[in-house]
> 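Questions regarding the structure given below will be posed in turn.
Residue numbers begin at 1 in each chain, while the letters A, B, ... track the order of the sequences.
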2 protein chains.
Amino acid sequence: MMISIREVARRAGVSPSTVSRVMNGTANVDPIKRERVLAVIHETGFAPNELARALFKKSSKIIGVIVPNIENAFFGELARVIEEEAYQNQYRILLCNSLNDTKKEILNIQTLNRLHADGIIIMTNSENLAAQIGNCQIPFVILDRKIEGLDEIAFIEADHYKGGRMAMEHLMDCGCKQIVCIRGPQKYSSGQQRFLGYCDVCKEHGLQAQWLDCDYDYEEGLTAAEALLAQYPDVDGILACNDMVAIAVYKILQSRGYRVPEDIQLMGFDNIRFSRLFTPEFSTIVQPIKEMGALAVQIILKYVQEESFEKENLFDVSLIQRQTTRRKAEANEKQ
Amino acid sequence: MMISIREVARRAGVSPSTVSRVMNGTANVDPIKRERVLAVIHETGFAPNELARALFKKSSKIIGVIVPNIENAFFGELARVIEEEAYQNQYRILLCNSLNDTKKEILNIQTLNRLHADGIIIMTNSENLAAQIGNCQIPFVILDRKIEGLDEIAFIEADHYKGGRMAMEHLMDCGCKQIVCIRGPQKYSSGQQRFLGYCDVCKEHGLQAQWLDCDYDYEEGLTAAEALLAQYPDVDGILACNDMVAIAVYKILQSRGYRVPEDIQLMGFDNIRFSRLFTPEFSTIVQPIKEMGALAVQIILKYVQEESFEKENLFDVSLIQRQTTRRKAEANEKQ
DNA sequence: GTTATTTTTGAAACCCGTTTCAACCATTTA
DNA sequence: TAAATGGTTGAAACGGGTTTCAAAAATAAC
C-alpha cells in the first residue's frame with residue numbers, strides 16, 4: 001500500500017534521484033519528466049517517508065517541549081503559542097509533561113536526542129539537568145526559568161524582579177499598610193526574583209518584609225492563605241506568587257467573609273486567561289506569553305540555520321489593575 | 001560525537017547484529033561478549049538512533065494528538081492524561097492544535113502518516129475529515145466527538161444525552177420554572193446530544209423548549225448570555241453548554257445584579273478544574289476525562305498489538321451539585 | 001569417537017529518501 | 001568541424017538499526 005520513491009521512479013520511467021529532485025526542487029529537471037513524475041505522485045498519493053528523510057538529513061523537524069504540567073493554564077498558553085509558531089515554520093511539537101520529575105525529564109531529553117529533534121524548549125527548575133543538557137548536541141531554550149551554570153544555553157524570562165516591585169508598589173499606591181507576600185518556590189528564579197522585588201521595595205520604604213512560602217499551585221495556595229490569616233490577622237494587602245495562588249487566596253478570603261478589595265486587596269502574577277474571567281477580575285502582572293513562546297521557537301530556528309541569536313532574553317512586564325485592587329485616588333473619589 | 005552501532009561493535013570486537021541483540025534482548029548472546037558490549041555502550045554513552053530503528057520497524061513510538069485548542073482547559077486535561085498514559089507505555093505524544101482548521105488537521109494527519117506514527121487521537125468535528133481518515137493506515141481514535149460514516153473507527157464519548165437530561169432534571173428539582181438552554185454547536189454530537197436530552201425532559205413534562213445557540217467558548221458565552229437576558233427576562237434556570245460558557249454567563253449575571261443561585265440557577269458541563277476553583281463553585285456534569293483519555297491510548301496499543309477492542313465507547317456521566325444550584329428541599333430548610 | 005542437534009554469530013540485505021559523482025547529451029565557442 | 005562549456009541524469013553510496021540466513025561453534029546423542 002505505502003508506496004516508495006523507487007516505485008514512483010519506476011512508474012514514471014526515471015530514477016529515484018530525479019523524483020527526489022522534482023519533489024524538493026534541488027536541481028533542474030527536464031519539464032517533460034517533471035510532469036510525468038508529478039502525475040505519478042498525484043495518482044498514487046505518494047507521500048515521502050519522513051523517517052528516511054530525517055535519518056539522512058539528521059533533522060526530524062520536531063521540536064521537543066517539556067512543560068511541568070500542560071494542565072496548568074500558564075503552560076497551556078505557552079504550549080499553544082509554541083505549537084503555532086513551530087507549525088508556521090513546518091515544525092511539529094513533541095510534548096512532554098514532566099510533573100517536575102527529573103527522571104522523566106531526562107528520559108524525555110534522551111528520547112528527543114535519539115529522535116534527532118531539532119531543538120528542545122524546556123520549562124523546568126532542576127539544576128540536576130545542567131549536566132544532561134550540557135552533553136546534548138541539540139539546541140536548548142530554557143523558558144520561564146533560569147538555570148545557573150549553563151552559559152551556553154539560551155534563556156527566556158520575564159522580568160520577575162520588576163514584576164515583584166510593581167506589584168508591591170501598586171499595593172502601596174492602593175493604600176495597603178500590612179502587605180504580606182506569599183512567595184513562590186525559591187528554587188526557581190521566578191520565585192526568587194519576584195520576592196526580591198517585593199523585599200527591595202519594603203526596604204526602600206522602611207517596611208518589614210512579611211512572607212509565607214508556597215508552591216505555584218492552587219491547593220498549596222489554600223493552605224498558605226489559611227496560614228496567612230492566622231499569622232497576620234491585620235493584613236490588608238496580599239501579593240500572591242501567581243494567579244492560581246491568588247485564586248486560592250480569594251476563595252479562602254471569601255469563605256471567611258473578607259471583602260476584596262474593600263477589606264483586603266489582592267495581586268496575582270502571570271495574567272493567565274482565567275485571571276480575567278474570574279469574578280472579581282484579578283489585578284495581576286502581565287508576562288508577554290505570546291512573545292516569549294514565539295521567541296523560543298525563533299531561537300531554535302536560528303540555531304538550525306546557524307544564525308546568531310541573543311542568549312539572555314529578559315521580557316518586560318506590566319501591571320493590569322482590575323477588580324481586586326483599588327488605587328487610593330479612586331477609592332477617595334468613590335467616597 | 002554521535003556514535004553508531006557499528007562503532008560500538010568495532011570497539012567491543014563483535015558484529016553490529018550482536019550489539020543489537022544485546023540491546024534488545026532478541027536473542028541469546030554469550031555472557032562474556034554481552035558484558036563487553038554493555039561496557040562499551042556505557043563508556044561511550046551510545047544511544048541508538050530512533051529514526052533508523054523506526055524506519056526499519058515502521059513504527060515511531062509516537063502517538064499524534066490533535067486537539068482544537070490546548071489552551072482550553074478541557075482539552076488541556078485530556079492531553080495531560082493522554083501524555084501520561086502514553087509515556088507509561090513508552091510512547092511519546094506529538095501535539096497538534098488544530099483551531100478547528102480542517103486544512104491544518106489534514107496537514108497534521110499527513111505529517112503523522114509520513115512519520116509513521118503508531119496512532120492518532122483526534123478531537124475534531126470536521127465531517128470533511130472522514131475521507132482523509134479513511135485512507136490512512138494509521139489507527140485513529142476519535143475522542144469526545146463522533147463522526148458519522150466511519151464505521152471502522154473507534155469512538156470515545158461521554159453520554160452527553162444523559163448529561164443533558166440530568167442537568168435539566170436537576171434544575172427542575174431545584175424549583176426552576178423558566179429554564180433556558182444555551183446549546184452548543186449542533187455540528188458536534190456533544191452539542192446535539194446534550195440539547196436532545198434537555199428537549200426530551202421538556203417534552204416529558206409538557207414544557208416548551210427554550211434555547212439559544214452558542215459556541216463552546218467564553219467570548220461567545222458572554223454574547224449568548226446577554227441575548228438570553230434580553231429574550232427571556234423571567235428566566236430562573238440556565239443550562240450552559242459547557243463550563244466555560246457557564247463562567248461567561250455568571251459574569252454577565254453578576255454584572256447585572258442577579259444573584260446565583262437565589263435569582264437564577266446555573267448548570268455547567270464538563271467539570272473542568274476551574275469549575276471547582278471558581279467562586280461560586282459551579283454545579284456541573286462530570287465527564288470522566290481521565291478514563292476517556294487513558295482508553296484512547298489503550299485502544300491504540302491494542303491496535304498495534306493486534307488485539308481486539310471495542311469500537312463504540314460511551315462513558316457514563318454524573319452530576320455534581322455545587323454552589324450555583326440549590327435543590328428545593330435545601331432551599332426550604334434554609335428558609 | 002562420530003554424527004546429529006542446537007546455539008551463537010556475523011555478513012549482507014533491508015527500510016527509503018538524499019546526495020555525490022561521473023557519464024551523457026546539448027549547446028557554444030574557436 | 002572539433003573542442004569546450006554547461007545542464008541532465010542515474011548508479012551507487014549513505015545514514016544507522018534490524019533481521020535473515022547460512023556458517024561456525026558448542027552441546028547432545030548414539
Side-chain angles (χ1 to χ4, degrees), chain A residues 1-38 40-41 44-62 90 110-118 137, chain B residues 1-38 40-41 44-62 90 110-118 137:
Chain A
M1 191 78 243
M2 203 83 183
I3 203 175
S4 79
I5 198 173
R6 281 166 232 267
E7 177 64 14
V8 172
R10 198 186 60 73
R11 294 199 197 190
V14 297
S15 74
S17 339
T18 301
V19 177
S20 174
R21 286 190 269 254
V22 169
M23 288 192 304
N24 301 305
T26 41
N28 286 338
V29 172
D30 178 48
I32 294 157
K33 292 185 179 173
R34 150 174 286 116
E35 283 315 310
R36 279 217 308 270
V37 169
L38 289 177
V40 173
I41 290 178
T44 56
F46 168 68
N49 185 325
E50 202 57 45
L51 294 169
R53 174 182 272 164
L55 174 61
F56 189 91
K57 294 281 206 91
K58 297 183 189 308
S59 151
S60 59
K61 291 281 198 173
I62 288 176
Q90 284 75 54
Q110 286 172 347
T111 303
L112 288 163
N113 202 19
R114 304 200 315 198
L115 262 177
H116 280 277
D118 289 348
Q137 44 270 67
Chain B
M1 191 76 246
M2 202 85 184
I3 204 176
S4 79
I5 197 172
R6 281 164 232 269
E7 177 64 15
V8 173
R10 199 187 59 72
R11 296 202 195 186
V14 296
S15 73
S17 339
T18 301
V19 178
S20 173
R21 288 191 268 254
V22 168
M23 288 193 302
N24 301 304
T26 41
N28 287 337
V29 172
D30 178 49
I32 295 158
K33 291 187 178 172
R34 149 174 287 117
E35 282 316 311
R36 280 218 308 271
V37 169
L38 289 175
V40 173
I41 289 178
T44 55
F46 168 67
N49 184 326
E50 201 57 46
L51 294 170
R53 174 181 271 165
L55 173 61
F56 189 89
K57 295 280 208 94
K58 297 183 189 309
S59 152
S60 57
K61 291 278 194 177
I62 288 176
Q90 285 76 53
Q110 286 172 348
T111 303
L112 288 163
N113 202 18
R114 303 198 320 196
L115 263 177
H116 280 278
D118 289 347
Q137 43 270 66

> Could you check how far CZ of B:Phe46 sits from C1' of D:dT18, rounded to whole Å?
12 Å
> Heavy atom of residues 48-60 of chain A under 4.0 Å from DNA chain D: which residues?
A:Ala52, A:Leu55, A:Phe56, A:Lys58
> Could you check A:Pro16 against B:Arg6 and say which one's nearest nucleotide on DNA chain C is further toward the 5' end?
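The answer here is B:Arg6.
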> Send over the distance from A:Arg10 CZ to C:dC16 P, rounded to a whole Å.
15 Å
> Between C:dT8, D:dG10, C:dG17, which one does the side chain of A:Val14 approach most closely?
D:dG10
> Looking only at heavy atoms, which two atoms of A:Phe46 and A:Ile5 are closest? And how far apart?
CE1-N, 3.7 Å
> Whole angstrom is fine here: how far is it from CE in B:Met2 over to P in D:dC14?
20 Å
> Which atoms form the tightest heavy-atom contact between B:Arg6 and B:Pro16, and what is the distance?
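Taking B:Arg6 first and B:Pro16 second, the nearest heavy atoms are CG-CG, 3.8 Å.
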> Just compare C:dT20, C:dG10, D:dT19 and give me whichever is closest to any side-chain atom of A:Arg21.
C:dT20
> Please work out if B:Val19 contacts a base, only the sugar-phosphate, or nothing of the nucleic acid, heavy-atom cut-off 4.0 Å.
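Result for B:Val19 = nothing.
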> Nearest nucleotide by nearest heavy atom, which residue falls closer to the 5' end of DNA chain D, B:Ser4 or A:Ser17?
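By nearest-heavy-atom nucleotide position, the 5'-most residue is A:Ser17.
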> Rounded to the nearest 0.5 Å, what separates atom NE2 in A:His116 from atom NZ in A:Lys61?
15.5 Å
> Considering only C:dT20, D:dT20, D:dT8, which nucleotide approaches the side chain of A:Asp30 most closely?
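My answer, after comparing the listed nucleotides, is D:dT8.
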> Start with the C-alpha distance between B:Arg34 and B:Asn28, add both sets of side-chain angles, then the distance that settles side chain to side chain donor-acceptor pair (under 3.5 Å), and finish with yes or no.
CA-CA 9 Å; B:Arg34 149 174 287 117; B:Asn28 287 337; over 6 Å; no
> Between B:Arg114 (CZ) and C:dC16 (P), how many Å, whole number?
15 Å
> Would you say A:Asn49's side chain and A:Leu51's backbone share a donor-acceptor pair under 3.5 angstrom?
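Confirmed, A:Asn49 side chain pairs with A:Leu51 backbone.
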> Round to a whole Å and report the spacing from CG of B:Asn28 to P of D:dA25.
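Whole-Å distance recorded here is 19 Å.
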> Looking only at side-chain N and O atoms, does B:Thr18 come under 4.0 Å of OP1 or OP2 in C:dG10?
yes
> Which pair of heavy atoms, one from A:Ser15 and one from A:Ala9, lies closest together, and at what distance?
C-CB, 3.6 Å
> In this structure, how many angstroms lie between the C1' atom of C:dG17 and the CD1 atom of A:Ile3, rounded?
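Whole-Å distance recorded here is 14 Å.
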> With a 4.0 Å limit, can you tell me whether A:Asn24 has a side-chain N or O closer than that to the phosphate oxygens OP1/OP2 of C:dT18?
yes
> Give the rounded distance in Å between these two atoms: NZ of A:Lys61 and P of C:dT18.
12 Å
> So, does B:Ser59 use its side chain to make a donor-acceptor pair with the main chain of B:Ala54 at under 3.5 Å?
no
